[in-house]
Amino acid sequence: MSVLLAFLAAALFGTGTFLLLQRRLSRIIIGIGLIGHGSNVLLLTSGGGRGLPPIIDSADPTDFSDPLPQALALTSIVITFGVTAFLFALGYRSWKITHDDIVEDDVEDRYIARRVVVDQMVAEGEAAAREIELDEDRG
Amino acid sequence: MSTQAPTSGPQRLVILDQSIKVLYQSILVLSLYFLFAGHNLPGGGFVGGLTAGAAVSLRYVSGGAMAVRTAFRLPSHIVLGLGLLVSAGTALIPVVLGGAVLEHGDREVGLPIFGDVKFVSALAFDIGVYLVVVGLVLMAFAAFGDDLGPIESTAPPEPPDGTGREAS
Amino acid sequence: MFVLLALHLVVGTAAIASGRQLGRWAFALAASAPAATLIWLLTQAGDVVDGSPAVARFEWVDQLGLALDLVLDGFALLMVSIVSGIGLLICVYAIAYFAPHDPAGDDTETEAHHPRAVGRLAGMMTLFAGAMLGIVLSDHLIALFVFWELTSITSYLLIGNDDTNPRARAAALQAILITGMGGLALLAGLIIIGQAGGTYRITELVADPPTGSIVNAGLICVLVGAFTKSAQAPFSSWLPGAMVAPTPVSAYLHSATMVKAGVYLVARFAPLFAIAGSWRVLVLTVGSATMLIGGLRALRQTDLKLLLAYGTVSQLGFMMLLLGTGLDHIALAGVVLLLAHAAFKATLFMIVGIIDHETGTRDVRRLHGFGPRWRVTQFCAVIAAASMAGVPLLFGFISKELALEGYLEHGDVTGAAVVLIVIVAASVLTFAYSARFVLGMFGVLAAPDADPTDIALTRDAHAPGWLFLAPAASLTALTLAFGLVPQSLDQFVDAALGALHPSAETVHLHLWNGFTGAFVLSSIVILGGVLLTVFRRPVAAAQRSGAAALRFVPTADRSFNALLRWTGVTARRVTATVQNGSLPIYVSVIVLVATVVPLIAFVGDFDGFPQLVESPVHVALVGAMVGAALAASIVRRRIAGALMLGAVGYLMAGLYVTQGAPDLALTQFAIETLSTVLFVLVLRHLPSSWSHRAPAIAAPMRVGVSLAVGATIFVFALVASGARDNVAGPQQSEVMIDSSLPKGKGHNVVNVILVDFRGWDTLGEITVLLVAAAGAVSLARTGRRRGDGGPTLEELLDELEPATDVDGAVDRELDDLDVEVPR
Amino acid sequence: MIGAVDFATWGGHLAADALAPDRGSIDVLVPFSVIVPLVAAAVSVIAARNRIAQRVIGLGALLAVLVANVVLLVRVDDMAEGIAVSQAGGWAAPLGISLVVDRLAAIMLVVSSLMLVSVLVFAIGQQAEERRFAAFHPVYLVLAAGVSASFITGDLFNLFVAFEMMLVASYVLLTLGGRPGQVRSGMSYVVISLIASTFFITALALVYSATGTVNMAELSERIPQLPSGVQTGFSLLLIIVFGIKAGLFPLFFWLPDSYPTAPNAVTAIFAGLLTKVGVYAIIRTQLLLFPDDARQGTLLLVVAALTMITGVLGAIAQDDLQRILSFHIISHIGYMIFGLALFTLAGIAGAIFYIVHHIVVKTALFLVAGMIERKAGSDRLSRIGGMVRSAPMIAVLFAFPALSIVGIPPFSGFVAKFALVDAGISVEQWPIVAVALAVSLLTMYVMGRIWAGAFWGTCEDAAVSDRLRPGQTRVPLLMTLSTAVVVAASIALVVFAGPMYDLAERAAVDLLVPQNYVQQVLGATK
């Protein structure tokens, strides 16, 4: 692991995160792609420094790059691809329904948020009513 | 690029069409090479399957969804299912025979040529992988490539009313 | 004993199940359980009184010390006789109570009188009786708790049995929340005591009671549980509320049995722990307050049933004062009061039920005196009320005398003098509200300007049938008999007291104790009571003005409702903050937590930078990738973003090549091609550039989060790779390189790992692909053809509209609330 | 010597031999619960056009798995070492992937397969998504395989793969039907899960980078050699990664937004199993991989308390039955973490018992919610009511699990709560005990609201009240039956609470002494 590659991973994670924090599914997918690449950089470099392709008899095994992280990275790339393909399908579906790919806020959660406003209104109304009642008492 | 993705049309160049067909077939051959060489050289089921997928995408770009459908006779879900069946089968069969799951080789049946049979069994697993990847690509094109449904209008999409969102 | 409990369970279930067919006769079925219990009790009574209790044990969760230990000792014998005796009478009474009748004409139509509701009631009461038996028989703290909670649940279901009545539902909820709260405190307390004592068995705890400050804390928890169950101040508000239940339920659960569970528990614990910590102070304070407040409020009621309910609260406070002190003389009075109270209070409740049933009202202002055929009923009411008031020659008098005597004797106990005054004062109130009950029944308190139909309502009311009256009459007979010949109870009471206080003297109950201090106090009580009754108008006026002055002091009832509403408001506020529904906010919280929290741990082990650059090729690659990534994050067009991502991907493939990973490079290359094509396939439908919709999070915030995440990953990577030197042992992959050819029969180690060594991973991986593909197709195809089962777009849009019309929905609610909300 | 060569001598054995009491053959059953559903899923995909065949295959496979898991549990529990190990591919530990079933895993396997079978029957009875979508059966089977794979894996990277199997299946099931709400919540669910997965990969990369292995047994030996800050960092990172799936505070946002939108049967199985897989992973990794000083007891206690409170408050704030129950899952995850966070025998045993109880009871509640929705046509409490009269059977089926989840004795929830509170008090963790009890009171309030809202009262919504007349809408028999089976299972947990808790305690003993696990997995090579 060199500082440069660590920086690369960091940069990929950073830009990816920036994209993740938005409403558009297409940008989010790009963001996921970027942090996915970032995690693969980490995975690839977790076996140590660079080396030669790990193919027996092609070179001295001590010069090989670590094959296990490669296998793991390959697995993770393929899995991420599969899941991303499904996410595409969701985006596609979203477009079919709403002609957009915005990830809307959850309806029920918005409902609760509005209820809080109502609660505050009611509380204020009651406080005012109590105030009036006390005034009448004094008067 | 998106707006240019051709679906059909008489203006398509015949030469391009033919060259893509040749390219398609040679990429398919390459994908099979990757599949079979994978155990000893870079390649394997994934790379092979994905290469085949790239070939299919080429085919799609040139000929649209119909071309993809005619290129592969088998329905894509059967390709997918067969792929998993082959791979999971090579995992299950040793268990049924009393070995470890996914155990490769011939020890169960005791064939004389130890190494070769081992090679075959692992290859079967890799073929399953290959099939699943090809199936995935086929299905992906089936899912996103074919837009001719009744609810699809050819007019540019308008935001439907009453959904409570601001115009974009 | 388990057979008896099981019998209650079976009979109860049967009564519920067959309610629709049996209707009110389900109570006849239900009566079989207490009847059987009483018969069994008779066979055991001799042995128990002789000091050899019956025991039974069932192991439940041994490791946790959970078991059901049952013991029938003298005190349990007394409690079981109350539970089953009153239970049997109530069942008989209920058969008549639920008989269809005709003054109002329409009440058989209501849900409460529907046969299945009545059957459910009968079954639930049987289940309750079983649970109550369990409480008084348990010799194991947790077993006791099990039955304790079961009584709460059955009480909840019984109060809310007329579920179409919103008041019943609210009262049920209040009852279960308050007793449930106490139950949880009780559980904590019992566990603390059990752990400190090393056993949950009461008989073993008696032998060696634990001590210490933790035990004292546990005892406070136990007391909270007992107070809630026995409706002590400030937890008493649920009991009057529970009066919405049908009268048999009120008479049984909410006066004679369940509410005594707390008193029972205190009685069991007091001899062991009364001297510990703040037990006695708490019990005496709470008991006194309850007794007084209950009495005062009872005196103000116009509803006879509510009058009795507050009276019950007051009497429960009295019992606390008697049984919670841990002193055998005073406890004796408590034991007798338990019996006396069960007899007179059940009678009075049954009579209220009769009045309510026959006239349709319980309001003293609408009762105008009954006809001559009501004499027997009125006689029973007078006797029971007099017993409650402590008039001599009746059972209640005996217990009151014993109580006064006990406190006079134990004048040296801290606060005894105050308690004595409280008892006297509250007894005056008791006399007054007992008198009020009687006067109300005789029509003395009727509103002067009543309308004539009301007068006819009582005057011409049907007298209750013999079945209806018999239970109350038999209890009245007991009140009279035990008042005149208390000696007959000596053995029984002695056994009960002996179970609590093994060292207590032998009990001798007397009708007449001579002119003692207690008798003087009793006379004062009666005199005071008579005065209060005579001057009831000025007293009522004083009470009204007192209540008006205290208008802004929150009552327990109002506090409970306020608390409940506060809980709802807080819940919504917290939820609206935490669960705000916005994905960008969720994501930012998650990534920040996932990076910053571990960062705090990692940063300490950062020990310097490794080599800066491995190869010059990297510089070019990394430069290009970072550039592309930045471009991807700022370009405004979707397609451009997708292509930039593709560029990063192809450059990744290049990086893989330089790292000696050709398989990865090939895979990355192929996947990048495919996903770019797919991306474009999807994107071509979407508008080409981002809309101007305001983002959920402001740009500076986004940049900040991104920088934090990036920096954290940087540290993670360096620290983790730097830590490798500390670990002994080979890389897992060294074995793999060595085994690739001999075991895996392949030269390409990565491929051998994928298809052989870690084929299990690969199997999972292709499964993911299969599912993703199947899901994508399923999703993309749904609704594409009509009639394929999925909804069409039109249907979906219909569905979308009301779902997103949040503002509309809230506004409709606001209309109801009559509040305006600014947009 | 569980090497590849050993298996050669067992050639020719049939799977039936696995029932024989010999050590090696029980190991054969270890991968069974993953591989059988996978093969069945493959066949089910091929048979996409034939729903009857899919049903037979699905039910047959899951029933076979259930039987196998019961055998496995009984045999593993009989063994002195209490652990069955199978090395995938026959490759000894660090080379291949170790599949390990100890008592905890065996318990989880049995409970989860019972739920999977029951819910599948429910889904078939429902005649809804299961019938409409060919993808349902194969995806459901993959979900089953993924859940089992997460339980049995002894390899950290394989845990990632198993999670992904389970998750991708959950994405598909969640969005089956593609309704607007599903798509919306599906998007945030998938995105958050993908982020979690990426962080998991990151954690794996860091762990491999620092230790050179992803085998959990080896990690158990190597992580204690790392600098303490790195140990703690890994511990935290894994808690967070699994905490997202488990629904810990403050990582649970995705759960209540997404679960209620799924088809009923799917929500039931998600509620029962998925979050518990996350909790299982936390328990497994915390106890196996990290030495005492890297475990996050205090932090977990705080998180547990906050999870309990925010979850139950969320449940109070909602009106929709499915959302109430979904928030409620979160609250109860807090209890399990509470048990774990004590890191005592009693605490962990309590947590295990709680997990088992919660899987069964929560599944039951969601199944009942499905029945309510079918019967009443709505799951908004404000729109329904009076079902104690119109559907007494549903009321009874609801009452038992509801009482249980509140912790009313003698139901299973009481034993679970008692075990936890007992454990908490014995180490004098007063604040968490107080929170647990207070939350349990609020839980009672929540269940009371559901009861009063759905079963008591009258129904003011005309459209709904029409349906609520007795016999108006019939709930299919299979739905009732399968729900009854799950409810019966929860009652069985009461009756057999003693043996069940003993088993949980034995499992907890195993977990607290990871050396045995390490030795059994690596033993062959040393």
Side-chain angles (χ1 to χ4, degrees), chain B residues 1-3 5 34 38-47 50-51 53-54 57 60-61 76-77 80-81 83-84 87-88 91 101-102 104 115 118-119 122-123 125-126 128-129 132-133 135-145 147 149-152 157 160 162-168, chain C residues 638-639 643 662-663 665-667 669-671 673-674 677-678 680-685 687-688 690-693 744-748 750-752 754-756 759-760 762-763 765-767 769-770 772-774 776-781 783-786 792-794 797 800-801 804-807:
Chain B
M1 185 166 176
S2 71
T3 47
F34 276 139
H39 221 48
N40 295 310
L41 292 166
F46 280 115
V47 178
L50 288 167
T51 313
S57 68
Y60 172 81
V61 171
S76 51
H77 71 267
L80 267 177
L84 183 61
S87 291
V101 67
L102 268 173
H104 293 310
K118 167 81 187 170
F119 172 75
L123 182 65
F125 185 77
D126 227 5
V129 174
V132 169
V133 176
L136 167 78
V137 175
L138 287 177
M139 281 189 109
F141 281 109
F144 306 124
D147 293 327
I151 64 167
E152 179 89 358
T163 51
R165 73 192 70 254
E166 300 92 315
S168 46
Chain C
R638 283 190 171 80
I639 296 293
L643 292 180
D663 287 86
L666 276 173
T667 312
F669 186 82
I671 280 196
T673 310
L674 254 179
V677 171
L678 278 185
V680 168
L681 276 181
V682 175
L683 287 189
R684 64 185 164 156
H685 301 297
S688 63
W690 326 115
S691 73
H692 306 297
R693 179 88 186 270
K745 312 295 172 199
H747 289 82
N748 182 355
V750 175
N751 186 266
V752 171
L754 281 174
V755 300
D756 200 342
W760 187 249
T762 309
L763 186 60
E765 182 185 348
I766 59 173
T767 314
L769 292 187
L770 174 124
V777 169
S778 181
L779 204 53
R781 287 254 173 99
R784 202 173 272 197
R785 291 184 308 269
R786 270 176 209 282
T792 63
L793 186 65
E794 289 78 12
L797 288 178
L800 196 63
E801 166 124 37
T804 49
D805 188 20
V806 178
D807 299 344

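Every chain is numbered from 1, with letters handed out A, B, ... down the list of sequences. The model shown is predicted, which means the values in this text are computed figures rather than measured ones.
- Listed here is the closest heavy atom pair of B:Met139 and C:Ala773: SD-CB, 3.8 Å.
- The two residues C:Leu770 and B:Gly81 come nearest to each other via the heavy atoms CD1-N, 4.2 Å.
- A side-chain contact (heavy atoms from CB on, under 4.5 Å) with B:Phe125 is found for exactly one of C:Thr762, C:Asp756, C:Leu754, namely C:Thr762.
- Annotation: the span from C:Leu666 atom CG to B:Thr51 atom OG1 amounts to 7.0 Å, rounded to 0.5 Å.
- Heavy atoms of B:Ala88 lying under 4.5 Å from chain C belong to its backbone as well as its side chain.
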I would like to know whether C:Asn748 and B:Leu41 meet side chain to side chain contact (heavy atoms under 4.5 Å, CB included); could you show each step before the answer?
CA-CA 5 Å; C:Asn748 182 355; B:Leu41 292 166; 5.6 Å; no
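- Counting heavy-atom pairs under 4.5 Å between each of B:Val129, B:Val133, B:Val137, B:Leu80 and chain C puts B:Leu80 at the top.
- For C:Val777, the parts sitting under 4.5 Å from any heavy atom of chain B are the backbone and the side chain alike.
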Go through the steps for B:Phe46 and C:Ile766 under the test side chain to side chain contact (heavy atoms under 4.5 Å, CB included), then give the verdict.
CA-CA 9 Å; B:Phe46 280 115; C:Ile766 59 173; 4.2 Å; yes
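- In this structure, chain B has a heavy atom under 4.5 Å from the side chain of C:Leu674, while its backbone stays farther away.
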